[in-house]
Enquirer: 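After the structure tokens below, expect a handful of questions from me.
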Amino acid sequence: MAMTMTQKILAAHAGLEKVEAGQLISAKLDIVLGNDITTPVAVNEFKKAGFDEVFDKDRIAIVLDHFVPNKDIKAAEQSKQCREFACSHCVSHFYDVGKMGIEHALLPEQGVVTAGDCIIGADSHTCTYGALGAFSTGVGSTDMAAGMATGTAWFKVPSAIKFNLTGKLPQNCSGKDVILTIIGMIGVDGALYKSMEFVGEGVGSLSMDDRLCICNMAIEAGAKNGIFPVDEVTLGYLKGRSEREPVIYEADLDAEYEKTIDIDLSAIVPTISCPHLPENTHPASELGDIKIDQVVIGSCTNGRMEDMETAYRILKGNKVADGVRCIIIPATMQIYRDCVERGYITAFIDAGAVVSTPTCGPCLGGYMGILAAGERCIATTNRNFVGRMGHVDSEVYLASPATAATSALTGYITEPKEVK
Amino acid sequence: MNTQGKVFKYPDNVDTDVIIPARYLNTPNAAELALHCMEDIDTEFVKEVQPGDVMVAGWNFGCGSSREHAPLVIKTCKTGCVIAKSFARIFYRNAINIGLPILECEEAAEEINAGDEIKVDFDSGIITNITTGKTYKAQAFPPFIQNIITKGGLLVSLKED
């Protein structure tokens with residue numbers, strides 16, 4: 001029976017010639033990931049169950065990114081627990097303050113994850129690495145503990161939805177507008193338990209940062225994973241980064257999909273996801289005057305170098321509107337450093353923005369940009385649930401970096417002009 | 001195994017951020033976290049819930065973040081079971097892994113009202129609404145998952161197997 005790209009990777013990692021949708025398998029894991037929120041729960045479970053050793057110190061990644069530099073004493077205790085566990089098990093991919101980044105920007109950048117991998121992470125946005133042609137999915141802390149102990153995880157083989165991409169994005173749009181548009185079309189459970197496989201001649205025009213952003217939000221459509229085929233863009237990105245040799249899997253030509261959805265990239269427009277669900281999408285141009293109090297440009301969705309470049313082009317030489325707080329967070333120390341070297345940080349500060357070291361902070365309402373009652377934020381983050389960024393009566397509008405930066409200058413949600 | 005109790009009714013797409021807001025995730029302590037279960041959409045839940053009570057919700061319960069703290073706080077509040085039209089993938093997996101009983105049943109989730117007294121038999125999947133007298137049949141777990149639940153969670157089952 002023909003297989004999708006996801007099914008091929010799962011079959012190979014389960015040591016099977018073939019798998020089919022619905023089949024329960026046990027698959028070998030290339031990387032097991034956790035962060036400063038989910039790892040402590042995993043470590044407690046790992047110890048409680050009586051495991052002494054991790055399956056492979058080089059295949060575990062622990063990234064302190066949610067509440068670091070630590071926001072309070074309790075957060076510091078959680079980081080300390082992660083640090084002690086990583087140290088006692090000689091975990092080679094342990095990223096502490098100074099070398100950390102937001103995990104889903106950091107692991108691809110550092111070459112820890114690569115094409116053909118089977119990856120679980122105790123963070124829902126682990127699906128990001130599908131952009132590299134890997135099977136990668138979010139799990140909870142107990143699965144992380146089991147993965148660290150055994151190097152395997154159980155999966156129900158998913159069916160898939162095929163997204164056939166054609167054309168090329170307009171100058172004022174990016175991967176964020178693509179994935180928000182798709183979530184608006186199929187809903188927050190439109191791909192529940194399924195793979196989202198992105199194919200077609202339009203793929204080649206999307207940068208790696210666009211693809212990482214698109215796969216990052218596959219979970220916001222309920223998907224098990226999102227995945228792109230491996231092409232020249234992928235190989236160019238992986239070259240000189242990958243710690244391990246990339247393995248290329250391709251979907252069979254006659255693979256079965258639950259449905260195929262055609263996406264004409266040239267017809268995408270700057271898109272906003274309004275409160276309080278990511279599926280509540282509207283073209284930015286149709287929203288009218290929506291006044292904002294805060295702008296956040298960052299996160300595992302949009303804190304990469306292209307996102308910083310976009311923000312720079314728009315903010316440089318301009319001023320953030322009076323009454324607006326604009327918070328910019330490069331997602332890794334490398335991106336942060338590149339922003340310094342290129343003069344972006346100076347331009348951001350001159351524009352009236354603030355720049356933080358990498359953290360997930362505001363995206364999940366942790367710290368570094370919490371909203372008061374009645375306040376409204378336009379953010380390049382990934383969720384706009386009730387209370388996500390602070391008070392239950394605050395609002396988050398999800399948007400691309402171009403739309404967020406443009407809105408920072410006007411003080412209202414504003415469609416970006418051509419910026420690429 | 002079964003549970004009996006009062007129903008707390010919730011809508012579609014209840015996300016893990018409202019089940020346990022991230023602002024409290026600076027501790028892995030379940031008892032401390034459970035004080036804030038559902039507080040962003042239902043401030044009364046923690047005050048009123050009694051052991052064995054049941055959450056009944058719509059589609060896609062537990063969507064969003066992978067935080068295992070979400071099923072954990074529901075379990076720690078002594079909730080006997082969650083019934084929904086459907087569950088988000090990671091929540092479903094986490095609930096099984098930590099031993100929180102969950103059942104998918106569209107008809108029951110549609111018809112059962114807040115405050116109804118219901119009884120749930122996990123072995124048979126039979127849900128009985130004591131208030132209205134109506135019964136429903138939820139889909140049973142596949143044997144592979146039943147094994148994890150019977151053994152008391154994923155890690156215990158891994159150790160034993």
Side-chain angles (χ1 to χ4, degrees), chain A residues 24 37-38 40-46 48-51 66-67 70-78 81 121-126 137-146 149-150 154 156 187-189 192-193 219-220 222-224 277 279 364-367 370 383 385-388 390 392, chain B residues 12-19 21-30 32-33 39-41 43 58-72 85-99 142-145 147-148 152-161:
Chain A
L24 285 163
I37 305 292
T38 57
V41 178
V43 166
N44 291 343
E45 289 299 313
F46 185 90
K48 203 165 76 186
F51 289 106
H66 277 57
F67 294 160
N70 293 131
K71 75 184 186 97
D72 54 29
I73 294 168
K74 286 180 175 176
E77 294 292 346
Q78 295 203 122
Q81 192 183 358
D123 188 281
S124 60
H125 293 108
T126 302
T137 192
V139 295
S141 296
T142 296
D143 276 313
M144 180 196 176
T150 66
W154 67 269
K156 193 167 168 183
V188 290
D189 59 356
L192 192 59
Y193 301 109
I219 180 67
E220 262 54 70
K224 183 170 223 155
L277 269 185
E279 70 184 25
L364 75 162
Y367 71 121
I370 303 302
R383 292 188 176 129
F385 300 146
V386 170
R388 173 75 178 177
V392 291
Chain B
D12 294 341
N13 301 312
V14 171
D15 61 80
T16 54
D17 274 281
V18 297
I19 296 172
R23 59 184 176 274
Y24 300 119
L25 297 184
N26 52 5
T27 174
N29 183 305
E32 199 178 331
L33 289 163
E39 78 174 25
D40 279 2
I41 56 167
T43 51
W59 300 105
N60 203 27
F61 185 88
C63 62
S65 159
S66 69
R67 64 191 69 158
E68 199 165 290
H69 316 66
L72 200 58
K85 292 181 183 174
S86 68
F87 291 91
R89 199 198 121 250
I90 306 175
F91 183 92
Y92 185 89
R93 207 177 159 105
N94 287 344
I96 291 163
N97 284 345
I98 66 147
F144 173 80
I145 289 173
N147 179 50
I148 295 176
L154 179 68
L155 288 182
V156 183
S157 76
L158 278 175
K159 267 279 185 189
E160 288 188 10
D161 295 345

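Letters A, B, ... mirror the listed sequences (proteins, then strands); counts begin at 1.
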Enquirer: Tell me, out of Arg388(A), Lys224(A), Glu220(A), who's got the most heavy-atom pairs with chain B below 4.5 Å.
Expert: Lys224(A)
Enquirer: With a 4.5 angstrom heavy-atom cut-off, could you sort out which part of Ile219(A) is near chain B: side chain, backbone, both or neither?
Expert: side chain
Enquirer: If I take atom OG1 from residue Thr16(B) and atom CZ from residue Phe385(A), how far apart are they, to the nearest 0.5 angstrom?
Expert: 7.0 Å
Enquirer: Looking only at heavy atoms and a cut-off of under 4.5 Å, which of Leu154(B), Val18(B), Leu72(B) has the most pairs with chain A?
Expert: Leu154(B)
Enquirer: Can you list the steps and then say if Ile148(B) with Trp154(A) is a side-chain contact (heavy atoms from CB on, under 4.5 Å)?
Expert: CA-CA 11 Å; Ile148(B) 295 176; Trp154(A) 67 269; 3.9 Å; yes
Enquirer: Please classify the contact between Tyr367(A) and chain B as side chain, backbone, both or neither, with a heavy-atom cut-off of under 4.5 Å.
Expert: neither
Enquirer: Any non-hydrogen side-chain atom of Thr142(A) less than 4.5 Å from a side-chain atom of Asn94(B)?
Expert: no
Enquirer: Restricting to non-hydrogen atoms, name the atom on Thr150(A) and the atom on Leu158(B) that form the minimum distance, rounded to 0.1 Å.
Expert: CG2-CD1, 4.2 Å
Enquirer: Can you tell which part of Val386(A) gets under 4.5 Å to a heavy atom of chain B, answering side chain, backbone, both or neither?
Expert: both
Enquirer: Please give me the minimum heavy-atom distance between Ala22(B) and Phe67(A), naming the atom from each residue.
Expert: O-CZ, 3.5 Å
Enquirer: Under 4.5 Å, counting heavy-atom pairs only, tell me which of Asn70(A), Asn44(A), Thr137(A), Thr38(A) racks up the most with chain B.
Expert: Thr137(A)
Enquirer: Taking side chain as everything from C-beta outward and backbone as N, CA, C, O, which of these in Ile370(A) sits under 4.5 Å from a heavy atom of chain B? Side chain, backbone, both or neither.
Expert: neither
Enquirer: Could you go through the side-chain contact (heavy atoms from CB on, under 4.5 Å) check for Ser65(B) and Leu364(A) one step at a time?
Expert: CA-CA 9 Å; Ser65(B) 159; Leu364(A) 75 162; over 6 Å; no
Enquirer: At a heavy-atom separation under 4.5 Å, does Lys48(A) approach chain B through its side chain, its backbone, both, or neither?
Expert: neither
Enquirer: Considering only heavy atoms and a distance below 4.5 Å, find which of Thr126(A), Val139(A), Leu277(A), Leu24(A) pairs most often with chain B.
Expert: Val139(A)
Enquirer: I need the Asp189(A) CG to Asn13(B) CG distance, nearest 0.5 Å.
Expert: 6.0 Å
Enquirer: Taking all non-hydrogen atoms of both residues, which atom of Pro28(B) and which atom of Gln81(A) are closest, and how far apart?
Expert: CG-OE1, 4.5 Å
Enquirer: Counting heavy-atom pairs under 4.5 Å with chain B, which one of Pro40(A), Ser141(A), Ala49(A) comes out on top?
Expert: Ser141(A)
Enquirer: Do you know which two heavy atoms are closest between Val41(A) and His69(B), and how far apart they sit?
Expert: CG2-NE2, 3.5 Å
Enquirer: Against chain B, work out which of His125(A), Glu77(A), His66(A), Gln78(A) has the most heavy-atom pairs shorter than 4.5 Å and name it.
Expert: Gln78(A)
Enquirer: So which heavy atom on Gly140(A) is nearest to which on Ile90(B), and how close?
Expert: N-CG2, 4.1 Å
Enquirer: Has Lys85(B) got more than 12 heavy atoms of other residues, nucleotides or ligands less than 6.0 Å from its NZ?
Expert: yes
Enquirer: Can you tell which part of Ala146(A) gets under 4.5 Å to a heavy atom of chain B, answering side chain, backbone, both or neither?
Expert: both
Enquirer: Of the listed residues (Leu25(B), Ile98(B), Ile145(B), Asn29(B)), which shares the most heavy-atom pairs with chain A below a 4.5 Å separation?
Expert: Leu25(B)
Enquirer: Between chain B and each of Ala42(A), Gly138(A), Gly121(A), Ala75(A), count heavy-atom pairs under 4.5 Å; write down the option with the most.
Expert: Gly138(A)
Enquirer: Show the nearest heavy-atom pair for residues Arg93(B) and Asp143(A), with the distance to one decimal.
Expert: NE-OD2, 2.7 Å
Enquirer: Is it the side chain or the backbone of Tyr24(B) that comes within 4.5 Å of chain A heavy atoms, both, or neither?
Expert: neither
Enquirer: Side chain, backbone, both or neither: which part of Glu45(A) has a non-hydrogen atom closer than 4.5 Å to chain B?
Expert: both
Enquirer: Given that the side chain runs from C-beta out, which part of Ile37(A) has a heavy atom under 4.5 Å from chain B: side chain, backbone, both or neither?
Expert: both
